Amino acid sequence: MCSVYHLGELRVQTLAGASQTAKYISRMIYPVIAYVFVDFIQTQPLAIISSEDEDGMVWTSILCSQPGFMKVIDERTLQINALPDDADPLCKSVLDNRELGLLLIDFSTQRRLRLNGKVVMGLNGLTVQTGQVYANCSRYIQSRVCELSQDIAISERATSHSTSLNTEHTQWISKADTFFLGSSHPLGGADASHRGGFPGFVQVVDEQTLMWPDYHGNGMFNSLGNIVENNNIGLLFLDFEQGATLQLSGTAKIIWNQERITPFFGAERVIEFKIVKVIETKNATAHKWKFVDYSPDNPWF
């Protein structure tokens, strides 16, 4: 048994026939920030974060600023000079010793790095004491170029809450080629990950239900392993051109039934998501991303 994986991850790896692959890849999971990651971390303008709120619901959020707002202090400590917005569900929940999942992703180079660890709060930001640090492959990352704003607070945020999707939300999700997935495990901690495909790969079943294909990945099954043990997850859709965000929190189920998987071309499994809460934030970030091209790995459908 490989100690870097919890029982949920091991269970899904076995069901997917990926146990040997996962064991081999586990050598890439470090408890520390390797030197080769330092420059990448310190030049990113965006961090995707995920954690639980005080009610145990999982949320996925963004932290944006000028490159350099994240600094590697030592091999186990990442300093982030930013905090979730006051209206963000994680604002009051990201506290000392809270588990936090981070995803750093550069759409122009299609590189991504995942860091999971515990939070230490500061006056104007937070630090993360790392537990796991590892790079992910470039598959399903659409190519975009970030157009950095010099004034992160250039426009006032406007936030709305609901318990289901409206017509605008449905159109947004139906056209999305990217979203971010947060999950959590009692022992494994929080995790933030990326999902991508051609527009339409996320299907809106009804105002409280989404479904999407789970494509071939790295074989670790961090997110799905968490879902097996704790089905609370949080999704984040980012409007790359306008800087708005759509945050969804609810519960997920992994579908292994082949009849239900077949309509999703390229899928090895399908995830069904039931929405409990919806938060839309306009002007969540002043940064914008210009679309360049789709990932060549996206399955056609």
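All values derive from a computational prediction rather than experimental measurement.
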Q: Salt-bridged, D239 to K288, with N to O below 4.0 Å?
A: no

Q: Any idea how F240 and W289 line up, ring-wise: parallel (<30°), tilted (30 to 60°), or perpendicular (>60°)?
A: perpendicular

Q: Do D293 and Q142 have side-chain atoms, one donor and one acceptor, less than 3.5 Å apart?
A: no

Q: Salt-bridged, K92 to E54, with N to O below 4.0 Å?
A: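 Between E54 and K92 there is no salt bridge, as every charged N stays at least 4.0 Å from the carboxylate O atoms.
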
Q: Examine the side chains of K274 and T209 and answer whether a donor and an acceptor come within less than 3.5 Å of each other.
A: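 On atom types as modelled, these side chains qualify, holding a pair under 3.5 Å.
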
Q: Check whether any side-chain N or O of H194 sits under 3.5 Å from a backbone N or O of F179 as a donor-acceptor pair, and report yes or no.
A: no

Q: With a 4.0 Å cut-off, would you call D85 and R157 a salt bridge?
A: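 Result for this pair is yes, salt bridge flagged.
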
Q: Check for me, please, whether F40 and V128 land in the same ILVMFWY cluster - side-chain distances under 4.5 Å, paths through other members count.
A: yes

Q: Compute whether any side-chain donor of one residue and acceptor of the other, for S93 and D53, lie under 3.5 angstrom apart.
A: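 S93 vs D53: no donor-acceptor pair found between side chains.
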
Q: Can you tell me how the ring of F107 sits relative to the ring of F180, calling it parallel under 30°, perpendicular over 60° and tilted otherwise?
A: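 Rings of F107 and F180: perpendicular, over 60°.
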
Q: Under a plain distance cut-off of 3.5 Å, with no hydrogens placed, do N222 and Y134 share a side-chain donor-acceptor pair?
A: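 Indeed, the side chains of Y134 and N222 share at least one donor-acceptor pair under 3.5 Å.
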
Q: When you check the side-chain N and O atoms of D88 and S61, is any donor under 3.5 Å from an acceptor?
A: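 Yes, because at least one side-chain N or O of D88 sits under 3.5 Å from a partner of the opposite role on S61.
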
Q: When you check the gap from the basic side-chain N to the acidic O, do D214 and R269 get nearer than 4.0 Å?
A: yes

Q: I'd like to know if R98 and E52 make a salt bridge, using a cut-off of under 4.0 Å between side-chain N and carboxylate O.
A: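 No, R98 and E52 are not salt-bridged.
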
Q: Validate the cation-pi geometry between R139 and Y215: distance from NZ or CZ to the six-membered ring centre under 6.0 Å, angle to the ring axis within 45°.
A: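 No; the conditions do not both hold, so R139 does not lie above the ring face of Y215.
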
Q: W212 and F201: ring pair (Phe, Tyr, Trp, His ring centres under 6.0 Å), yes or no, with the steps?
A: CA-CA 6 Å; W212 64 85; F201 85 107; 8.3 Å; no

Q: Can you label the angle between the H185 ring and the H6 ring as parallel, tilted or perpendicular, going by 30° and 60°?
A: parallel

Q: Got a salt bridge between R11 and E9, using NZ or NE/NH1/NH2 to carboxylate O under 4.0 Å?
A: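 A salt bridge is absent here (no side-chain N lies under 4.0 Å from a carboxylate O).
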
Q: Among side-chain atoms of T127 and T77, is any donor-acceptor pair under 3.5 angstrom?
A: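 Not at all, the side chains of T127 and T77 share no donor-acceptor pair under 3.5 Å.
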
